**Student:** 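Sharing a structure here in structure tokens format.
Just so it is clear, the model here is predicted, and its values are computed rather than measured. Throughout, a chain's letter reflects where its sequence line sits, starting with A, and its residues are numbered from 1.
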Amino acid sequence: MIKRRDLLTLIGTIAGSSAMYHAMTSLGFASESAYKGPLRLAGDPKGASVLILGAGLAGMTAALELRKAGYKVQILEFNSRAGGRNWTIRGGDSFVELGGHRQKCEFEEGLYINPGPWRIPYHHRALLDYCRRLNVALEPFIQLNHNAYLHTTRAFHGRPQRVRSIKADFQGQVSELLAKVTQQGKLDEAVTKEDQEILLQALRAWGALDRDYKYNANLGSAEFRGYSRDPGGGLTADPLPSDPIALPEILRSRLWLALQSFARYNFQTTMFQPVGGMDMIGKAFAREVGDLIRYNAKVTQIQQNGSGVTVSYVDAVNPSAVQQATADWCVCTIPLSILSQLPIDVGAPMKNAIEAVPYAASVKIGLQFKRRFWEEDEAIYGGISFTDLPIRQIAYPNYGFNRSGRGILLGAYLFEGANAYEFTAMTPAERVASAVEFGSLIHPQYKDEFETGVAVAWHRVPFTLGCSGEWSDAGRAQHYRNLCQIDGRIVLAGEHASDLPAWQEGAILSSLDAIGRLHERVVKT
Amino acid sequence: MMMRLMASLIAVLTLLSATAAIGQDSAAGRRTFSDGYRFVEMTGEELFANVCQGCHMPDAMGASGAGTYPSLAANKNLESGAYPIFLVVNGRRGMPAFGDMMTDGQVAAVVNYLRTHFGNDFQDAVTAKDVQDARR
């Protein structure tokens, strides 16, 4: 299910657009991002007012920029905090999921998990720019840790393999194979003789092949895949090579599947996380626009006519009395899972678009352990292990390295697929217990070291009813533009109104695009 | 997040996976874990308990936050079997489509379970053929 656009990009790269790219970068035109720098809303809104629904990143971006441009701004927010899915759970926090299960997080002070977004690609320029402008300190998020594990129940007797070994062996074995067919003349039609010589050199260098173009156990391949005894000092200095895994074993294990988790654009180094938790971003926005937010406001109806917008809401805690907020314009960032249930005065095209987007299942589980055994015992500092167990991933904390004492693992991260629903259908306690059971197949230390956990299943989250908009290609083709068009006095924003679904960058870019168009209309009238 | 990556991983894993459930363990009790994109639960009761109740809750009463998961208990909309079949296969609004994750037989099983439990008593069972016909 690689998107066609991704494929075209890939083909373009292979087919040799590098010269063009070089020309573009030297002129400063090549940009990874749709972000063009801080928004400039020129022109006088003449006292126009905007009501923003939702104080997530999309809503607060709109509030910050519109107020700066001279608008009167008010935000209605369902939760008692700002940030929306930009959320961090720390020791002492408690939350109630749909169905009534309350979880109190018992993590030690300073330890946390990000149940929603947890990493920022370097090319998410808008989000990074807001972090810079709002003084949100960042640190590296480690996506690729060569010493983390790739694990499958179907091969290697269920023993986890180091990312380093699988990557090196896959690369080495494929290189050996390609060198072999090259030397047999089987590439003569595709590659000139001169280039074949260069190819062989490249395969030897890239694949760690020996002088006969074989991938063997030797100190050359050990530098890639690891040693059976590391280089040392004194009388035990000499390193020993390790034995590569044969190609058929790697192929059949399917562990190569996980290598794309490090190769794809969205996951390439450098990635970032805010120091202290992802919600540092939401809190930074709230420092700017918090005074505009009416918390605990559950929207029940959105009306508009030729002169303005009227939004009905109730207090989420004491919902007896219906209240109303009015404005000239409305930026609505309410997730479509919820908006599709509300009476809203928009035309059929936007209404149909609002109803066309299912919401993805996703579950994250944070586990606290008495000690950082993954570092102490296994030299895994940050990064992610991938598995075909239902927990799918174990992610190691990218902060507090090499300390003694407690630590938190992300013990499961499910996104779509059957297991995400199955974990959602459990009680929080069952989710945590299952994550510990499965995780102990990769880290046996779990059994002795586990203390406490929290589990967030996004379909059970009261303020979203799902993780993120799950557009199909057909649905996007039919409805996406209608979702994003201004309808009268209402415009939608959020990750669901972007082509970066489930990414914070999508929420911000969508918001900037929406308010830019809205402002244009306001200034013209 | 990582939806496109996961979607492609899931697509490949789907090709590999048999329909065996794995990892039933002591702490997880009776929970079932599918090992691919599609659900391995076969009975209506299992499907409800491992899938539907995630949103509609174990008592099928639904739940309410900023939005609502409708109650399926004593629900007159279930009178015509075609309606719940359509919803399970195609989804509606925020509700995901399960047509690609369940066979015709599984959809029929969970619809029949729903229509005869939680205060519903519709005895005209739907069949896998009904589900097949409902797929677009």
Side-chain angles (χ1 to χ4, degrees), chain A residues 1-3 6 78 98-100 117 153 254 257-258 260-261 264 266-267 298-299 316 334-338 340-342 355 357-362 388-390 415-419 421-422 424-426 430 433-434 436-438 457 459-468 470 501-503, chain B residues 1-14 16-17 22-41 47-59 61-70 90-98 101-102:
Chain A
M1 278 193 242
I2 293 176
K3 286 195 62 163
D6 296 345
F78 174 77
L98 292 172
T153 53
R254 264 88 182 173
L257 262 175
Q260 64 168 293
S261 310
R264 294 167 71 104
N266 278 335
F267 305 105
K298 175 177 169 172
V299 171
I334 297 174
L336 301 181
S337 47
I338 293 156
S340 60
Q341 301 183 0
L342 298 177
E355 296 195 352
V357 185
Y359 267 56
S362 181
D388 62 0
L389 291 168
F415 192 93
E416 297 181 320
N419 293 147
Y421 292 97
E422 289 159 347
T424 301
M426 300 178 191
E430 285 177 318
S434 293
V436 171
E437 284 293 323
F438 286 124
H459 269 128
R460 293 260 178 114
V461 171
F463 58 91
T464 55
L465 274 64
C467 171
S468 54
E470 196 180 2
W503 289 97
Chain B
M1 265 177 255
M2 48 183 318
M3 82 174 31
R4 282 167 191 166
L5 171 62
M6 284 308 292
S8 55
L9 285 182
I10 286 163
V12 180
L13 289 170
T14 305
L16 314 175
S17 68
I22 53 168
Q24 294 217 12
D25 52 65
S26 52
R30 301 181 313 281
R31 309 309 310 195
T32 300
F33 299 98
S34 306
D35 70 347
Y37 181 70
R38 299 170 70 91
F39 292 104
V40 300
E41 296 85 351
L47 284 161
F48 185 88
N50 287 284
V51 189
C52 312
Q53 78 173 35
C55 293
H56 296 282
M57 301 298 150
D59 58 5
M61 293 293 282
S64 201
T68 296
Y69 292 128
N90 299 304
R92 180 161 184 254
R93 296 178 177 160
M95 176 176 167
F98 292 98
M101 304 177 76
M102 294 183 191

**Student:** Please look at B:F48 and chain A and tell me whether the side chain, the backbone, both or neither of the residue comes under 4.5 angstrom of a heavy atom of that chain.
**Tutor:**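 Answer is neither: B:F48 stays 4.5 Å or more from chain A.
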**Student:** At what distance, to the nearest 0.5 angstrom, does CG of A:N419 lie from CZ of B:F39?
**Tutor:**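 Those atoms lie 8.5 Å apart.
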**Student:** Nearest heavy-atom pair of B:T68 and A:L465: which atoms, and what distance?
**Tutor:**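 The pair with the smallest heavy-atom distance is N-CD2, 3.7 Å.
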**Student:** Output the distance between atom CE (A:M426) and atom CZ (B:R31), rounded to the nearest 0.5 Å.
**Tutor:**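 These two atoms lie 5.5 Å from each other.
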**Student:** Could you check which of A:G466, A:A457, A:A425, A:A361 has the highest count of heavy-atom pairs closer than 4.5 Å to chain B?
**Tutor:**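 Max contact count across the listed options: A:A425.
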**Student:** Which heavy atom of B:M101 sits nearest a heavy atom of A:G417, and at what distance?
**Tutor:**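 For B:M101 and A:G417, the tightest heavy-atom pair comes out as CE-C, 3.5 Å.
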**Student:** Shortest non-hydrogen contact from A:G99 to B:A63?
**Tutor:**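 Closest approach of A:G99 to B:A63, heavy atoms only: N-CB, 4.1 Å.
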**Student:** With a 4.5 Å heavy-atom cut-off, do A:H459 and B:P96 have their side chains touching?
**Tutor:**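 Yes - at least one pair of side-chain heavy atoms lies under 4.5 Å apart.
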**Student:** Give me the atom names and distance for the closest heavy-atom approach of B:G94 to A:S340.
**Tutor:**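 Between these two residues, the closest heavy atoms are N-OG, 4.2 Å.
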**Student:** Quick check: do A:R460 and B:M57 have side-chain heavy atoms less than 4.5 Å from each other?
**Tutor:**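 A side-chain contact under 4.5 Å exists here.
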**Student:** Considering non-hydrogen atoms only, spot the tightest contact between B:A66 and A:F78 and give its length.
**Tutor:**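 Answer, listing the atom of B:A66 first, then A:F78: N-CZ, 3.4 Å.
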**Student:** What's the shortest heavy-atom distance between A:Q341 and B:R93, and which atoms?
**Tutor:**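 Nearest heavy atoms, A:Q341 then B:R93: CA-NH1, 4.5 Å.
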**Student:** Relative to chain B, which of A:E355, A:E422, A:K298 shows the most heavy atom pairs under 4.5 Å?
**Tutor:**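 It is A:E422.
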**Student:** Counting only heavy atoms closer than 4.5 Å, note whether A:L98 contacts chain B via side chain, backbone, both or neither.
**Tutor:**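 For A:L98, heavy atoms of backbone and side chain both lie under 4.5 Å from chain B.
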